[in-house]
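One structure below.
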Amino acid sequence: MRETSKRVTVTLWEGPSSKAQNVACIEIAIQKVTTVKLKKPLGARKVVDGAR
């Protein structure tokens with residue numbers, strides 16, 4: 001995560017580590033939640049997808 005005065009960039013990764021071996025995807029639907037703790041309140045700053 002990176003914060004500036006105008007935006008907060010968040011990059012999320014999901015899945016096994018590239019170091020993991022013999023891992024299979026069993027295709028089940030699971031809702032996931034992630035909490036991001038900011039240094040300052042979000043306010044009018046824009047949230048940006050860091051994976052793009």
Side-chain angles (χ1 to χ4, degrees):
M1 180 194 57
R2 191 170 78 203
E3 290 185 61
T4 69
S5 62
K6 296 186 184 214
R7 67 184 186 182
V8 175
T9 303
V10 180
T11 305
L12 299 175
W13 290 272
E14 196 280 325
S17 165
S18 60
K19 297 175 184 177
Q21 296 180 6
N22 300 320
V23 177
C25 174
I26 58 175
E27 295 187 29
I28 59 175
I30 299 174
Q31 288 188 330
K32 298 181 180 184
V33 175
T34 299
T35 301
V36 177
K37 294 186 179 186
L38 302 174
K39 293 176 185 174
K40 296 181 180 179
L42 182 60
R45 296 186 292 172
K46 184 177 181 179
V47 177
V48 177
D49 180 355
R52 295 183 179 207

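Side chains of T11 and R2 form no contact here, defined as non-hydrogen atoms less than 4.5 Å apart. Two residues are said to be in side-chain contact when any heavy atoms from C-beta on lie closer than 4.5 Å; L12 and T34 meet this criterion. Looking at V10 and D49, their side chains never come closer than 4.5 Å, going by heavy atoms from C-beta outward.
Annotation: salt bridge (Lys or Arg N to Asp or Glu O under 4.0 Å) contacts involving residues 32-45, sequence neighbours excluded, comprise E3-R45, E14-K32.
Residue V48 is not grouped with residue M1 when hydrophobic side chains (ILVMFWY) are merged at heavy-atom distances under 4.5 angstrom, including chains of intermediate members.
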